[in-house]
Amino acid sequence: MTQQTLTEWNDTQNESGTAGPPRCLSLTVRGPWGHFRRVEGNIVKQTYRIIPRTTVAGLLAAVLGIERDGYYELFARGRSAIAIEPVAPLRTVNMPVNTLSTADESMKSLNPRGKISIKLPDPTKPRQQHNYEVLVDPAYRLYVWMSDSHWFETLHETLDEGKSHYVPSLGLSEYLAEITYHGRFEVESGPTDTAVAVDSAVPNAVDHVVPDAESRCQIEESPAFMTVDGGGRTTTDFTSYTYNPDAGPVRVRNPDTAIVDGNTVMFV
């Protein structure tokens with residue numbers, strides 16, 4: 001896979017037609033902890049600050065009860081649009097975690113002679129300590145559109161009833177997420193001809209960001225789209241996000257924005 005330039009990223013987004021979906025659902029996910037492991041290998045397991053688009057897709061698939069590797073086309077480019085707005089300051093701590101191996105030789109069977117037998121890591125085996133960089137009190141408002149009307153309506157009904165097929169989490173299964181559903185909103189075109197304060201993270205437009213001495217601005221690139229392959233799944237595209245770690249707006253020159261529930265956001 002080759003890495004695209006920022007210009008190519010912008011061209012791709014324009015071609016996809018995902019910048020202005022007709023309507024969207026909006027929800028806020030939050031929790032006491034979150035960890036979205038960066039794809040780069042490292043002894044310290046670092047986290048993305050902005051929940052990756054692929055993680056949002058997985059979280060929504062869990063709400064809908066779609067199996068692993070069964071939702072990538074539903075959230076593919078041109079068939080979905082997602083905007084991500086941090087609504088709480090993004091801060092992290094390093095947390096040492098003792099882990100047990102899940103290799104076959106380190107697993108222990110429970111009820112091995114019964115009809116139902118499960119395997120768990122053997123607690124008598126030596127632990128291995130890893131340092132995790134963990135988000136503290138992360139919270140994101142999400143704006144989601146899918147072209148598949150069946151799943152779009154099902155997600156709306158499921159969220160509106162306060163239900164979820166699987167337990168939602170923020171990256172790791174032990175970091176449980178609380179979901180607040182705001183409802184369904186029409187998407188209006190936002191201003192594009194001036195420097196605009198964008199409330200969401202700004203995708204693929206770092207060269208349009210207007211520096212501001214009064215607010216901080218950071219950049220990170222994270223997985224955006226996936227597809228099924230012989231080994232399970234692989235990332236096909238990344239998104240470069242510019243964001244304010246203090247959960248404030250980012251000023252962007254001539255952006256392709258949308259207005260949802262009074263907030264200025266950018267979809268990808």
Side-chain angles (χ1 to χ4, degrees), residues 1-29 36 38-39 48-61 71-87 90 140-148 151-152 155 185 187-192 196-209 217-227 233-244 247 249-261 263-268:
M1 182 174 56
T2 59
Q3 186 170 6
Q4 291 177 286
T5 66
L6 291 174
T7 301
E8 289 171 336
W9 273 114
N10 287 335
D11 291 344
T12 304
Q13 179 169 333
N14 292 337
E15 291 170 0
S16 71
T18 59
R23 66 192 65 83
C24 71
L25 310 179
S26 182
L27 61 148
T28 294
V29 294
F36 313 117
R38 299 180 69 94
V39 296
Y48 293 110
R49 268 56 174 175
I50 300 297
I51 181 172
R53 193 186 192 281
T54 49
T55 304
V56 173
L59 187 150
L60 298 175
Y71 59 87
Y72 307 143
E73 284 301 313
L74 182 63
F75 293 97
R77 186 184 296 279
R79 302 185 62 185
S80 65
I82 295 174
I84 302 168
E85 176 187 351
V87 293
L90 300 168
Y140 308 92
R141 182 164 180 176
L142 309 176
Y143 307 83
V144 182
W145 169 78
M146 294 177 285
S147 64
D148 188 310
W151 284 117
F152 186 82
L155 182 61
F185 299 92
V187 177
E188 305 171 14
S189 298
T192 59
V196 178
V198 179
D199 296 303
S200 70
V202 176
N204 307 318
V206 63
D207 48 350
H208 294 282
V209 172
C217 181
Q218 296 179 348
I219 302 168
E220 69 180 15
E221 186 178 75
S222 59
F225 300 96
M226 295 188 295
T227 189
R233 60 187 180 185
T234 187
T235 301
T236 57
D237 276 333
F238 289 77
T239 293
S240 178
Y241 283 111
T242 306
Y243 63 96
N244 183 336
V250 176
R251 287 176 58 81
V252 184
R253 184 175 54 255
N254 303 325
D256 194 355
T257 62
I259 304 294
V260 181
D261 192 26
N263 298 321
T264 304
V265 302
M266 293 180 70
F267 287 94
V268 65

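- Atom OH in Y72 sits 15.0 Å away from atom CZ in R79 (nearest 0.5 Å).
- Between the side chains of S26 and R141, at least one donor N or O lies within less than 3.5 Å of an accepting N or O.
- In this structure, OG in S189 is found 9.0 Å from CD1 in I259, a value given to the nearest 0.5 Å.
- Here W151 contributes atom CH2 and L74 contributes atom CG; the two are 7.5 Å apart, rounded to the nearest 0.5 Å.
- In summary, the side chains of T54 and R233 do not present any donor paired with an acceptor at a separation below 3.5 Å, with no hydrogens or angles considered.
- In terms of heavy-atom proximity, P249 sits nearest to A197 at CB-CB, 4.0 Å.
- Separation of atoms CG (L155) and CH2 (W145) is listed at 13.5 Å; rounding is to 0.5 Å.
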(message) Applying side chain to side chain contact (heavy atoms under 4.5 Å, CB included) to Y241 and R49, what does each step give before you reach the verdict?
(response) CA-CA 10 Å; Y241 283 111; R49 268 56 174 175; over 6 Å; no
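- Heavy atoms only, all atoms of each residue included: V187 and P21 are closest at CB-O, 3.0 Å.
- When the salt bridge (Lys or Arg N to Asp or Glu O under 4.0 Å) test is applied to E188, no partner is found at least two apart in sequence or on another chain.
- Residues T257 and P191 form a side-chain contact, since some pair of their non-hydrogen atoms from C-beta on lies under 4.5 Å apart.
- Using modelled atom types, no side-chain atom of R77 and backbone atom of A224 make a donor-acceptor pair closer than 3.5 Å.
- Listed here is the closest heavy atom pair of M266 and A83: O-CB, 3.3 Å.
- The shortest heavy-atom contact between A205 and V202 is CB-CG1, 3.8 Å.
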(request) Determine, step by step, whether D199 and V87 satisfy the side chain to side chain contact (heavy atoms under 4.5 Å, CB included) criterion, reporting the C-alpha distance in whole Å, the side-chain angles of both residues, the deciding distance to 0.1 Å, and the verdict. (result) CA-CA 9 Å; D199 296 303; V87 293; over 6 Å; no
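- We find the CD1-OG1 distance between I219 and T242 to be 4.5 Å, quoted to the nearest 0.5 Å.
- The minimum heavy-atom distance between Y143 and V260, with the atom names listed, is CD2-CG1, 3.6 Å.
- A donor-acceptor distance shorter than 3.5 angstrom exists from the side chain of Y48 to the backbone of V39, with no hydrogens or angles considered.
- With hydrogens and angles disregarded, no donor-acceptor distance shorter than 3.5 Å links the side chain of N204 to the backbone of T239.
- Between the E85 side chain and the V265 main chain, no donor and acceptor come within less than 3.5 Å of each other.
- Taking every heavy atom of both residues into account, P86 and Y140 meet most closely at CA-CD2, 4.0 Å.
- From L25, atom CG reaches atom CD1 of I82 across 11.0 Å, with rounding to the nearest 0.5 Å.
- In this structure, I84 and V268 have side chains that are not in contact, with every pair of non-hydrogen atoms separated by 4.5 Å or more.
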